[in-house]
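Beneath this line is the structure, given in structure tokens, with notes to follow.
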Amino acid sequence: MAKYRSIVILTGAGISAESGVPTFRGPDGLWEGHRVEDVATPEAFARDPALVQQFYNQRRAGLARVAPNPAHVALARLDAAFDGELLIVTQNVDDLHERGGARRLLHMHGELNKAWCLACDARSGWTADLDDDSRCPSCGRAGHLRPDIVWFGEMPYGMETIEAALARCDLFVSIGTSGNVYPAAGFISTVRYHGRAHSLELNLEPSGGTGWFREARHGPASQLVPAWVDEVLD
Ligand code: BJW
């Protein structure tokens with residue numbers, strides 16, 4: 001435990017795959033039936049809000065049918081036991097890290113269970129379907145709520161916090177992400193730029209950026225992550 005004082009963990013869709021949440025770019029990927037530009041851009045939402053709301057309503061409802069797997073639980077165990085600095089940055093919009101028990105968590109691509117009011121700018125917890133009649137709990141106006149999800153071309157959440165943590169950390173771990181989407185795909189470059197942290201990839205297969213990591217282990221997250229957490233806490 002004394003070996004590291006500051007850890008940043010980046011997670012992606014692969015950590016939730018064994019819970020039954022589809023990844024984005026695999027053979028059974030989430031977007032297989034949808035062109036990404038039809039659903040994951042602000043322009044697409046402006047063009048066909050009902051289609052986009054329906055896509056996210058289905059995924060929000062799907063959260064009730066999935067549960068955290070041993071990888072989520074292991075990270076929560078690390079969060080509870082590690083007395084150094086820790087930040088779990090997830091690209092995932094599901095709530096499996098929270099339900100697994102993680103606390104030091106940042107959702108950089110937003111959350112399925114939140115709505116963003118384009119009239120008053122408030123973010124509110126939201127677990128029901130969203131549609132044109134949905135009323136903002138903050139300002140009371142209907143017809144202005146969208147999923148609080150970061151779409152292509154939008155700024156991810158918490159970038160200042162993340163960049164500062166990446167600059168300070170002495171261990172960076174990337175779990176279950178293909179390294180296709182920026183800025184998350186560039187975090188390893190930031191870590192290398194600062195020069196002193198160990199970096200570890202835990203992924204089913206080599207990601208696009210695997211060669212940038214000092215160490216890489218490949219296999220299912222439900223096995224790799226608990227084993228790695230045991231090592232850190234040993
Ligand atoms: C397992 C496993 C198991 C499977 N165990 N592993 C040209 C060049 C560079 C950048 C750009 C460019 N043109 C445009 C951009 C920017 C753009 C971008 O990156 N585009 C790329 C496509 C090129 N990015 C943006 O627009 C972002 N904003 C931005 O850049 O703002 C400006 C800015 C500037 C400077 C600083 C900061 C900001 C916003 C990106 C928003 C991404 N949103 C999405 C959709 C959210 C909505 C939704 O959920 O529907 O977020 S895209 C989608 O991809 C989703 C994910 O979070 C994200 C990453 O995917 P992830 O998690 O890696 O999943 P997969 O499926 O790709 O990979 C899963 C991995 O798991 C695989 O490797 C498997 O092998 C593995 N795996 N089972 C372990 N059991």
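Quick note: numbers below take in every heavy atom, side chains included, and nothing from hydrogens, waters or symmetry partners. All ligand and atom numbering here is 1-based and tracks the order in the structure.
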Of the side chain and backbone of [X], name the one, both, or neither that has a heavy atom under 4.0 Å from an atom of ligand 1.
| X | result |
| --- | --- |
| A13 | both |
| A71 | neither |
| R25 | both |
| E18 | side chain |

Would you say [X] has any N or O atom under 3.5 Å from an N or O of ligand 1, going by distance alone?
| X | result |
| --- | --- |
| P156 | no |
| M155 | no |
| G153 | yes |
| Q91 | yes |
| Y182 | yes |
| F24 | yes |

Is it true that R59 lies under 4.0 Å from ligand 1, counting heavy atoms only?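 It does, in that a heavy atom of R59 comes within the 4.0 Å cut-off of ligand 1.
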Could you check whether any heavy atom of S207 sits closer than 4.0 Å to an atom of ligand 1, since that is the contact criterion I want to use?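 The answer is no, since S207 has no heavy atom less than 4.0 Å from ligand 1.
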Under-4.0 Å salt bridge between [X] and [Y]:
| X | Y | value |
| --- | --- | --- |
| R168 | D170 | no |
| D79 | R103 | no |
| E98 | K114 | no |

Here's a test for you: under side-chain hydrogen bond (donor to acceptor under 3.5 Å, both in side chains), which of D95, T127, D94 qualifies with N113?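 Single pass found, and it is D95.
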Please could you name the atoms of ligand 1 that [X] approaches to less than 4.0 Å, counting only its heavy atoms?
| X | answer |
| --- | --- |
| G12 | 62 (O) |
| V150 | 41 (C), 42 (C), 43 (N), 46 (C) |
| G176 | 6 (N), 69 (C), 70 (C), 71 (O) |

Whether the S16 and H97 side chains hold a donor-acceptor pair (N or O, under 3.5 Å, no angle test) is what I'd like checked. no
If you compare L204, V21, I15, I149 by their heavy atoms, the one closest to atom 1 (C) of ligand 1 turns out to be L204
Heavy atoms only: which of E154, H218, E205 lies closest to atom 31 (O) of ligand 1?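 Closest candidate by heavy-atom distance is E154.
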Tell me whether E160 at atom CD has more than 12 heavy atoms from other residues, nucleotides or ligands lying less than 6.0 Å away.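 Not buried by this count: 12 neighbours or fewer within 6.0 Å.
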How about CH2 on W212, more than 12 heavy atoms from neighbouring residues, nucleotides or ligands closer than 6.0 Å, or not? no
